[in-house]
Amino acid sequence: MTLRVLAVASECAPFAKTGGLADVVGALAKALRGHDTECRVLMPLYRPLAHLAEGSRCVLDGIDAFGGPVRVLARRAKGIELLLIEAPHLYDRPGQIYLDQTGADWADNHRRFGLLGMIGARIAREGIAGWRPDVVHAHDWQAGLVPVYLRQQGAPHPPCVITIHNIAFQGLFAASTMGDLGLDPSGFTQDGFEYFGRIGFLKGGLMRADRITTVSPTYARELMTPEFGMGLEGVLSARRAVLTGILNGIDTEIWDPAADPALAQTFSARTLARRRANRLALLDRFGLADEPTAPLLSIVSRLTEQKGLDLALQCLPAALARGARLVVLGSGSPDLERGFSDLAARHPGRVGVRIGFDEDLAHLVQAGADAIVIPSRFEPCGLTQLCAMRYGSVPIVSRTGGLADTVIDANEAALAAGCATGLQFAPVTAARLGDALDRAMALYRDRRTWERIMRNGMKHPVGWDRSAARVVAIYRDLAGDGS
Ligand code: ADP
Ligand code: GLC
């Protein structure tokens with residue numbers, strides 16, 4: 001039986017993206033098709049998506065919420081079945097998905113994503129245009145109220161899975177928003193959506209969902225500890241019987257070095273020499289001089305505390321002094337943006353920095369750099385190390401979360417067995433990252449070994465095949481369909 005799944009999320013690539021959440025929602029929706037599962041993605045119709053309204057069908061109308069009209073539009077785009085919530089008073093705005101033009105959270109985010117939960121629960125319960133989901137899949141705090149509303153409204157309703165992509169973002173709002181959101185005050189308890197006197201969208205979702213997944217097995221374990229659980233370790237320990245870590249994949253059609261239109265030159269593991277054109281194009285884009293024997297390091301990242309890039313700022317000067325080059329693509333904290341811009345100013349011709357979000361340039365960086373540096377303090381899964389491996393760039397990562405689960409460290413055993421795909425370091429300190437960079441520079445000088453690591457990474461399965469099957473197994477288990 002084809003299983004029908006309603007995915008509910010605030011982001012979905014390639015339509016609206018601030019990070020890996022979008023990539024995963026989009027890629028999983030596509031990957032599920034190969035598993036006799038039909039997925040529709042419910043998300044807000046943000047201003048930049050207005051063009052998607054054209055050619056869509058209105059499948060839900062006549063709703064008034066938070067002082068304005070709400071409709072749901074259905075259409076297929078880029079291979080994904082979309083259900084778009086049109087609520088101009090909440091979503092038709094300038095600025096970013098979560099932030100206004102001053103960089104502050106939109107003051108009514110509880111309404112903007114409360115509505116996502118409300119509409120998700122309504123479609124789950126009533127279906128839409130003759131389509132009724134067998135399972136609902138809520139992603140992160142923005143969809144956290146889906147299971148809360150479902151339970152509040154009582155049976156019958158389909159079962160619900162919630163995925164934690166990043167527990168640092170919990171969707172906490174003042175208790176006074178409860179009435180506005182139509183939440184039943186009886187749920188404002190430790191066993192419900194109450195969290196230290198506030199409403200926790202994620203907390204509520206974790207308490208009310210039937211199953212909880214997160215994006216790597218290591219992060220699933222880490223989440224139950226005070227160091228990583230960010231206050232929700234108790235909730236997750238209590239619910240450990242329904243908590244599963246399933247690794248993310250990447251969309252191997254979008255990330256395909258043999259067919260990527262963003263590259264200067266496509267290539268594969270068999271035509272590795274062609275990769276060089278991308279290195280040259282990348283150096284050119286960043287205004288750097290080529291030095292064929294110097295490793296070209298890279299960073300493609302949100303510039304936040306999570307990513308540990310302050311540590312990179314501390315130890316990159318030593319690597320640069322020994323000849324390395326560096327390109328950085330990212331945006332985020334003003335301190336880190338300044339830190340990297342200063343680094344570039346101090347190393348003209350050796351360090352290039354692009355502050356901003358640029359999808360095509362991210363592809364070129366992966367195709368042209370020798371290595372990517374990912375010193376995250378925590379990393380639920382991480383996608384850039386997967387993209388790097390597929391494109392022959394060697395990941396240098398901290399041993400945490402999904403980084404620990406996806407990269408095989410080039411230690412003596414792995415080198416002897418010929419299976420290394422990158423370098424790992426722990427604990428997450430500048431000193432250990434410095435050691436890893438030293439190790440990478442030494443390996444780089446041994447061209448045969450380095451190329452072996454590159455090729456291993458390129459062969460490593462980074463797509464969704466294995467993981468989508470695991471996700472579907474959970475859906476079928478919940479839907480009571482063992483087939
Ligand atoms: P997170 O979701 O924590 O930001 P991930 O590694 O899971 O980290 O996913 C990040 C995604 O965002 C990847 O697809 C990466 O290529 C992309 N990305 C991050 N920063 C930028 C940027 N400045 N420009 C383009 N793409 C970026
Ligand atoms: C989050 C995490 C990242 C993960 C992504 C997709 O943004 O920070 O590690 O890869 O979600 O699940």
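All ligand and atom numbering here is 1-based and tracks the order in the structure.
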Requested in this report: May I ask you to check whether Asn166 has an N/O atom sitting below 3.5 Å from an N/O atom of ligand 2?
Outcome: yes
Requested in this report: Using only heavy-atom distances, determine whether the side chains of Thr400 and Tyr219 contain a donor-acceptor pair under 3.5 Å.
Outcome: no
Requested in this report: Name the closest protein heavy atom to atom 12 (O) of ligand 1, giving the residue it belongs to and the distance to 0.1 Å.
Outcome: Lys17 CE, 3.6 Å
Query raised in the report: In ligand 1, which numbered atoms sit nearer than 4.0 Å to a non-hydrogen atom of Gly356?
Result: 22 (C), 23 (N)
**Report entry** Tyr98 and Asn109: side chain donor to acceptor below 3.5 Å
**Finding:** no
Query - Those atoms of ligand 1 less than 4.0 Å from some heavy atom in Gly382 - result: 6 (O), 7 (O)
Requested in this report: May I ask you to check if ligand 2 and Val215 share an N or O to N or O distance below 3.5 Å?
Outcome: no
Query raised in the report: Is there a donor in the side chain of Gln366 and an acceptor in the side chain of Asn278, or the other way round, less than 3.5 Å apart?
Result: no
**Report entry** Protein contact of atom 9 (O) of ligand 2 - nearest heavy atom, named by residue and atom, plus distance
**Finding:** Glu379 OE2, 2.4 Å
Report summary line: A student checking ligand 2 against Gly382 at a 4.0 Å heavy-atom cut-off should list atoms 3 (C), 4 (C), 9 (O), 10 (O)
Requested in this report: Check Leu21 against ligand 2 and report side chain, backbone, both or neither, counting heavy atoms closer than 4.0 Å.
Outcome: backbone
**Report entry** Polar proximity ligand 1 side, Val300 side, N/O cut 3.5 Å exclusive
**Finding:** no
Query raised in the report: Would you say ligand 1 has an N or O under 3.5 Å from any N or O of Trp255?
Result: no
Query raised in the report: Using a distance-only test with no angle check, is there a side-chain donor-acceptor pair under 3.5 angstrom linking Gln385 and Thr406?
Result: yes
Requested in this report: Assess whether atom CZ of Arg466 is packed by more than 12 heavy atoms of other residues, nucleotides or ligands within 6.0 Å.
Outcome: no
Report task. Could you tell me whether Arg354 sits above the aromatic face of Phe286, with NZ or CZ closer than 6.0 angstrom to the six-membered ring centre and within 45 degrees of the axis? Result -> yes
Query raised in the report: Is it the case that Ser333 and Asp335 place a side-chain donor and acceptor less than 3.5 Å from each other?
Result: no
Query raised in the report: What atoms in ligand 1 come closer than 4.0 Å to a heavy atom of Ala362?
Result: 25 (C), 26 (N)
Query raised in the report: Is it the side chain, the backbone, both or neither of Thr163 that has a heavy atom closer than 4.0 Å to ligand 2?
Result: neither
**Report entry** atom 26 (N) of ligand 1: nearest protein contact (heavy atom, Å)
**Finding:** Phe357 CZ, 3.5 Å
Query raised in the report: If hydrogens are left out, which of Glu359, Lys307, His165 has an atom nearest to atom 1 (P) of ligand 1, that is, the closest non-hydrogen atom?
Result: Lys307
Query raised in the report: Does any donor atom in the side chain of His363 or Asp260 lie under 3.5 Å from an acceptor atom in the other side chain?
Result: yes
Report task. Compute whether any side-chain donor of one residue and acceptor of the other, for Asn456 and Thr421, lie under 3.5 angstrom apart. Result -> no
Report task. Ignoring angles and geometry beyond distance, decide whether Gly20 reaches within less than 3.5 Å of ligand 2 through its nitrogen or oxygen atoms. Result -> no
Report task. Considering heavy atoms of the protein only, find what lies nearest to atom 15 (C) of ligand 1 and give residue, atom and distance to 0.1 Å. Result -> Thr384 CG2, 3.6 Å
Query raised in the report: For atom 2 (C) of ligand 2, what is the nearest protein heavy atom, given as residue, atom name and distance?
Result: His165 O, 3.2 Å
Report summary line: heavy-atom search around atom 6 (O) of ligand 1 in the protein gives Leu383 N, 2.8 Å
Query raised in the report: Nearest to atom 14 (O) of ligand 1, what protein heavy atom do you find, and at what distance?
Result: Asp23 OD2, 2.7 Å
Query raised in the report: When only distance counts, is Gly20 in polar contact with ligand 1, meaning an N/O pair under 3.5 Å?
Result: yes
Query - Residue pair Pro44 / Leu49: nearest heavy atoms and the distance that separates them - result: O-CD1, 3.8 Å
**Report entry** Contact check: Thr18 vs ligand 1, nitrogen or oxygen atoms, below 3.5 angstrom
**Finding:** no
Requested in this report: State whether Lys307 and Glu379 are salt-bridged, where the test is any N-O pair (Lys NZ or Arg NE/NH1/NH2 against Asp/Glu carboxylate O) under 4.0 Å.
Outcome: yes
**Report entry** Atom indices of ligand 1, in the order listed, that fall short of 4.0 Å to a heavy atom of Arg302
**Finding:** 1 (P), 3 (O), 4 (O), 20 (N)
Report summary line: Smallest heavy-atom separation, Ala436 atom then Leu423 atom, equals O-CD2, 3.7 Å
Query raised in the report: Going by atom types alone, do Tyr475 and His35 pair a side-chain donor with an acceptor below 3.5 Å?
Result: no
Report task. Scan side-chain atoms only and decide if Arg240 and Ser237 contain a donor-acceptor pair under the 3.5 Å cut-off. Result -> no
Report summary line: If we number the atoms of ligand 1 from 1 as shown, the ones under 4.0 Å from a heavy atom of Gly330 are 23 (N)
Report summary line: Nearest heavy-atom approach of Ala277 to Gln265 is CB-CB, 3.5 Å
Report summary line: At under 4.0 Å between heavy atoms, what of Ser301 touches ligand 1? The answer is backbone
Query raised in the report: Near Val24, which atoms of ligand 2 are under 4.0 Å from a heavy atom of that residue?
Result: 6 (C), 12 (O)
Report summary line: In this structure, atom 24 (N) of ligand 1 is nearest to the protein heavy atom Asp358 N, 3.0 Å
